[in-house]
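Structure first, then comments.
Each chain gets a letter, A, B and so on, in the order the sequences are listed, and its residues count up from 1.
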Amino acid sequence: MRLSRLPLNTLKEVPADAEVISHQLMLRAGLIRKLASGLYSWLPLGLRVLQKIERVVREEMNRAGAFELLMPSVQPAELWQESERWNQYGPELLRFKDRHQRDFCYGPTHEEVITDIARRELKSYKQLPVNYYQIQTKFRDEIRPRYGVMRAREFIMKDAYSFHLDQESLDAGYQAMFEAYSIIFTRLGLRFRTVQADSGAIGGNASQEFHVLADCGEDTIVFSDGDDYAANLEMAEALPPPAGKKKPGADMQLVDTPAVRSIAELCSFLNTDPGHCIKTLLVDAEDGGLVALVLRGDHELNVFKAEKIPGVREPLTMATADKVRENIGCEPGFIGPFDLPCPIHADHSAAALVDFVCGANETDKHRVNVNWGRDVPDCVSADLRNVIDGDPSPTGKGTLSIARGIEVGHIFKLGDKYSSMMNAQVLDADGKNRAMLMGCYGIGITRIAAAAIEQNHDQRGIIWPPAMAPFDVALIPINQHKSDRVRDAADQLYAELDAMGLQVLVDDRNARPGVKFADMDLIGIPHRVVVAEKGLDAGTFEYKNRRDDEPRHLSIDELKDLLGSSQTGT
RNA sequence: CGGGGCAUAGCGCAGCUUGGUAGCGCGUCUGCUUUGGGAGCAGAAGGUCGGGGGUUCGAAUCCCUCUGCCCCGACCA
């Protein structure tokens, strides 16, 4: 490809509304342009990246035995009413009517459509298992789109759906996808972790996410240094502290703490630390009353875990200040586990404290040297909090670390949720109708491009992993417009590399060398070859990998060997 | 949804307080010079100042309104 013909505009300045590095670089390198909030056009250079990602995904999905199909992005409401998701899904589902006033939505996912296909096409257990996949545009009307294509409203996703007669087959199909995903993300050159996840709104039971580790990631993931345990923060189990309580010390005292509401204020006022305080959170109960949740001052409530506590209303709702005053008789901020008119659940760590500080259930007062059993009744303890860095791993091996991750893949065992509701059955070997079991498996194609940049960039620009680079080789002739030798040598080298199957971008613009170097560095092509008079005199080409600091001077054979051996495979 | 901010040339910004008919840098185009890390000189094109309404002799500037975009928050106990 000749750069002089490629419609590419690079930017020196960073567009004002790009916050994270991948968004900035994608705009500067001319990969994408914003059309509206959460909607992006992919320009020719950017589309090449997407196509490289798609190629790897297709190859591995096909290798795993899945079959590609293509479903409409626009879907009729009837299917969503059948699965009851027309009502369950919130405003994230983009709904609209056609000219006949019939309801449709722009598909955020395709469980309904594929289940409809399956119930029409699959009649016999002999046709199972089968795995269909597509690479399709989706739309989710996100509350707050951000970070460019990382959290866009319209995005491209590879989604796959497998159908099985029994659990054993589903387990095997799920495992095959797990392995295919690991190969895909490895081939794409991403540093990733798989984590146990909540299966959330889509339904079903087992579920794992694939996260690319990056500081700007929107998900918090937890992993152990002792084994391969990894989980979403919401799923990570906090172990009770080791048994062996210390004996209570001094007697409980009431202290004045005027206008001291937060744990931080309390600690500086009383000169103590959050680990010796407890906070008592009141949340709404299912029966309209309250439930008290007690945590250590340095811990955070885990909403997901709290919603599992019997009696707690879902979704978890904090009691209003008015409700606190009415039921407890004090301002929020001064609540303690004394004589509360509701059930009390303490986190394991809070339940293990001795001589702690807590609210007195009187405005502007706290109590110190409080002890369970002695000053307040013992209560049931449970795992209610988010794990923190340094907690022991729930597997008993190693300690936990917390990192940010970008979710690029997610696999689920859906079971019969959709097939039952939508009547997707096959005849089994006994001639009986059975609901098929389903798995579903997603990969965020567009998000991968951004995630890769978050992991692979420097001050000069993007450093594409070879498998998703828009071109393999950047060929830079120096002063070609006034040196026939340089131009001819570049043309010939271009032809030879092209014949080897390499995708070469030659910068044939009449530009100064600095401009060419800067642009090629910005757009992140893995290999750079410079053709100049100096090198031709010496019989060499100048080669530099995008990650190298200094170039090397190679003969044509050395160059071809090096580039040939680096090819990512076809 | 709640809170805050922004909207002036393709991009980044100034001008607004104190009203007088729009400017800087980058980019783009032309010419000459230059050519190993985002060149220099000279010239040029490009703007409904987000939309609508109002105040005024006169509005980018003041007022009202609409729209778009960005950021923060949704665990204070």
Annotated protein contacts, base or backbone, on nucleotides 71-77 of chain B with a non-hydrogen cut-off under 4.0 Å, one of B, S, - each: SB--BBB

Whole angstrom value for the distance that separates P of G12(B) from CG of Leu11(A): 9 Å

Value in whole Å for how far the C1' atom of U35(B) lies from CZ of Arg509(A): 14 Å

Geometric cation-pi criterion, Arg48(A) with Phe471(A): 6.0 Å, 45°: yes

Gap between atoms NZ and C1', on Lys544(A) and G37(B) respectively (whole Å): 11 Å

Spacing between Leu536(A) atom CG and G36(B) atom P, to the nearest angstrom: 15 Å

Under 3.5 Å on both distances, the Watson-Crick or G-U partner of C1(B): G73(B)

Short side-chain N/O contact from Lys516(A) to OP1 or OP2 of U35(B), under 4.0 Å: no

Sidechain N-carboxylate O distance under 4.0 Å for Asp484(A), Arg487(A): yes

N/O donor-acceptor pair, side chain Asp519(A) with base G38(B), under 3.5 angstrom: yes

Sugar-phosphate, base or nothing in reach of Ala532(A), heavy atoms under 4.0 Å: base

Under the salt bridge (Lys or Arg N to Asp or Glu O under 4.0 Å) test, residues paired with Lys544(A) that sit two or more places apart: none

Listed nucleotide nearest any side-chain atom of Phe517(A), set G37(B), U35(B), G25(B): G37(B)

Validation row: Leu493(A), Leu559(A) side chains within 4.5 angstrom (heavy atoms): yes

Pairwise side-chain contact, Val312(A) with His345(A), heavy-atom cut-off 4.5 Å (strictly under): no

Pair of N/O donor and acceptor under 3.5 Å linking G12(B) base with Arg28(A) side chain: no

Side-chain N or O of Ser37(A) closer than 4.0 Å to phosphate OP1/OP2 of C70(B): yes

Salt-bridge present (Arg153(A), Asp141(A); N to O < 4.0 Å): yes

Touch class at under 4.0 angstrom, heavy-atom based, for Arg385(A) against every strand present: nothing

C49(B) - base-pair partner by Watson-Crick or wobble geometry, distances under 3.5 Å: none

Donor-acceptor pair (no angle test) under 3.5 Å: Asn9(A) side chain, G10(B) base: no

Distance below 4.0 Å between Lys12(A) side-chain N/O and G27(B) OP1 or OP2: yes

Nearest-Å distance for atom pair CD/C1', residues Glu142(A) and C1(B): 15 Å

Residue matched to U28(B) through Watson-Crick or wobble contacts both under 3.5 angstrom: A44(B)

Sugar-phosphate, base or nothing in reach of Arg528(A), heavy atoms under 4.0 Å: base

N/O donor-acceptor pair, side chain Glu542(A) with base G36(B), under 3.5 angstrom: yes

Under 3.5 Å on both distances, the Watson-Crick or G-U partner of C6(B): G68(B)

Distance (rounded to the nearest 0.5 Å) between Arg552(A) CZ and Leu562(A) CG: 5.5 Å

Side-chain ion pair, Asp391(A) and Arg385(A), N-O less than 4.0 Å: yes

Length of the line joining Leu39(A):CG and C70(B):P, which is rounded to integer Å: 10 Å

Integer-rounded Å distance: G10(B) C1' and Leu27(A) CG: 13 Å

Arg528(A) and Asp548(A) ion-paired at < 4.0 Å: no

Closest to side chain of Asn479(A), choosing from U35(B), C69(B), G36(B): U35(B)

Pair partner, G20(B) [Watson-Crick or wobble, under 3.5 Å]: C57(B)

From U35(B), C70(B), G36(B), nucleotide with atom closest to Lys482(A) side chain: U35(B)

